[in-house]
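Working notes for the structure below.
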Protein chains: 2
Amino acid sequence: MKDLTLKQNQFFEALKENYGKDALPSLSAIKELLGYKSKNSVAQYFNVLKKKNIIEEKNSRYYISQDFLGARLFSSKVRAGFASAMEDEVENLISFDRELELNKTNVFIFRVSGDSMVDLGIFEGDYVSIKKSSYAQDKDIVLANIDGGFTLKTYRNKNNKVWLEPANKNYPNLYPRSSLVIFGVALGIMRKF
Amino acid sequence: MKDLTLKQNQFFEALKENYGKDALPSLSAIKELLGYKSKNSVAQYFNVLKKKNIIEEKNSRYYISQDFLGARLFSSKVRAGFASAMEDEVENLISFDRELELNKTNVFIFRVSGDSMVDLGIFEGDYVSIKKSSYAQDKDIVLANIDGGFTLKTYRNKNNKVWLEPANKNYPNLYPRSSLVIFGVALGIMRKF
DNA sequence: GACTTTTATGTACAATCGTACATAATAATA
DNA sequence: TATTATTATGTACGATTGTACATAAAAGTC
């Protein structure tokens with residue numbers, strides 16, 4: 001694991017064990033936890049880990065680098081086995097919340113009902129991240145209110161004609177009779193098994 | 001939203017926007033970020049949010065409580081219009097990261113290649129949350145190494161026979177010749193449009 | 001109108017922070 | 001063996017921390 005001595009590795013494992021993805025507390029607090037008598041012991045380990053980019057600063061707090069924690073993107077190129085895959089070099093860390101902008105105030109979640117979008121792999125019960133918007137572009141997947149009812153469909157806009165298109169041959173296109181109000185555009189979906 | 005004034009809510013939204021699930025920095029740092037001239041402005045907002053359990057302490061660092069992170073679930077019962085739906089009472093806040101356990105150390109992400117699972121709505125490019133495990137139950141979706149190659153399939157275990165089942169009629173079942181090593185069980189998927 | 005709460009700024013201060021520097025025993029290495 | 005790196009403890013210090021207290025304009029409430 002990246003040229004750490006035994007003690008350094010023990011120290012790092014203790015950090016992982018106790019703080020995980022959370023911000024690391026003060027040197028003194030870690031000193032107390034690990035039973036050192038001087039916070040400088042901790043500071044010296046910190047310097048080692050910092051130099052090796054195992055811990056890094058963010059908003060003036062220290063964190064264990066994401067490369068050493070959590071949901072790393074598993075590279076399909078890796079063939080050498082699981083262990084090596086987990087301890088390999090720099091991997092991307094992905095947050096679904098971040099990718100689908102869940103913590104923005106203009107984004108909310110819609111739960112799919114029905115099977116009108118199955119051909120696009122959108123199944124009943126799926127969670128859809130919806131970004132609030134009154135406008136959409138051709139082929140965007142939108143949450144819309146057409147003639148009074150909510151629905152998730154592909155938005156079509158062609159030759160000055162506007163309609164909603166399901167992704168299921170068994171359903172017809174929806175041409176708005178009175179009104180078509182777009183509530184938001186889908187950013188992505190999440191499905192829990 | 002839990003009896004916050006307009007300003008308090010703006011303050012809180014700014015925190016969410018800037019720090020999300022990370023630890024909050026010092027009062028001074030937030031003061032600078034939000035353009036206040038006294039860190040006490042921030043301290044007073046902090047007191048309000050603390051009292052309402054919107055932010056909480058952990059390892060002597062402050063975090064936004066999990067209950068307030070993530071996006072709100074859009075209730076399909078709401079028919080009265082978009083505005084009211086957005087400003088309603090207590091809503092479920094959903095975090096995809098939390099649901100699919102992305103911040104656990106034994107969970108990683110695998111990117112789907114190929115179309116062997118399309119019938120289950122798992123498409124090429126989808127992100128799959130995989131919980132590390134050597135065992136699986138019948139009908140779990142697993143990431144496995146069969147005869148040397150990685151693949152995402154449905155794990156089948158019936159009458160002492162084990163095989164991997166694709167979700168696409170064009171593909172055959174995979175019966176392990178030499179070895180079948182399960183790497184993990186899929187918890188769910190994310191797709192970004 | 002009278003009263004209260006909210007919002008914003010400012011000053012003061014003890015406690016704690018991280019860093020720097022020093023010392024020395026131990027472990028690793030050449 | 002000689003030399004270097006690691007590990008552990010300690011002291012010192014300026015910077016920063018969060019809290020407390022005070023003031024006052026603005027907004028909200030009765």
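The sequence lines fix the lettering, A, B, ..., with proteins before strands; numbering per chain opens at 1. In this text, all values refer to a predicted model and were calculated from it rather than measured experimentally.
Distance, B:Lys51 NZ to D:dT19 C1': 14 Å, rounded to whole Å. The NZ-C1' distance, from A:Lys37 to C:dA24, rounds to 15 Å in whole Å. What separates CG of B:Leu24 from P of D:dG18 is a distance of 10 Å, to the nearest Å. Atom CG in A:Leu4 sits about 17 Å away from atom P in D:dA5, given to the nearest Å. Between the CZ atom of A:Phe46 and the C1' atom of C:dT19 there is a distance of 13 Å, rounded to whole Å. Going from atom CD of B:Gln10 over to atom C1' of D:dA27 covers 14 Å, rounded to whole Å.
Between A:Gly121 and A:Asp126, the closest heavy-atom pair is O-OD2, 3.8 Å. The two residues B:Gly114 and B:Glu124 make their nearest non-hydrogen contact at N-OE1, 3.2 Å. Shown here for A:Ser116 and A:Leu152, the closest heavy-atom pair between the two residues is OG-O, 4.1 Å.
At least one donor-acceptor pair under 3.5 Å links the side chain of B:Ser129 to the backbone N or O of B:Leu100.
At a threshold of 4.0 Å, the pair B:Asp22-A:Arg61 does not count as salt-bridged, since none of the basic side-chain nitrogens sits closer than that to a carboxylate oxygen. Ion pairing between B:Glu101 and B:Lys131 holds under the 4.0 Å rule for side-chain N and carboxylate O. Electrostatic pairing of A:Glu165 and A:Lys153 does not count as a salt bridge here, judged by no charged N lying under 4.0 Å from a carboxylate O.
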Return the polar atom pairs (N/O with N/O) between nucleotides 4-7 of chain C and the protein under 3.5 Å, or none.
unit_1 : atom_1 : unit_2 : atom_2 : d
C:dT7  : OP1    : B:Thr5 : OG1    : 2.6
C:dT7  : OP2    : B:Gln8 : NE2    : 3.0

Pairwise N/O distances under 3.5 Å, protein to nucleotides 15-17 of chain C:
unit_1 : atom_1 : unit_2  : atom_2 : d
C:dC17 : OP1    : A:Ser26 : OG     : 2.6
C:dC17 : OP2    : A:Ser28 : OG     : 3.0

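Taking the six-membered ring where tryptophan is involved, the planes of B:Tyr36 and B:Phe11 are tilted, since the angle between them lies from 30° to 60°.
With sequence neighbours left out, A:Asn18 forms a side-chain contact (heavy atoms from CB on, under 4.5 Å) with A:Ala14, A:Leu33.
The side chain of A:Ser38 places no N or O atom within less than 4.0 Å of a non-bridging phosphate oxygen (OP1 or OP2) of D:dA8.
Taking every side-chain heavy atom of B:Ala43 into account, D:dT19 is the closest of C:dT19, D:dT19, C:dT9.
Across all strands shown, B:Lys31 has no heavy atoms under 4.0 Å from either base or sugar-phosphate atoms.
A residue-by-residue look at A:Asn47 and B:Gly35 shows that B:Gly35 has its nearest nucleotide of DNA chain C further toward the 5' end.
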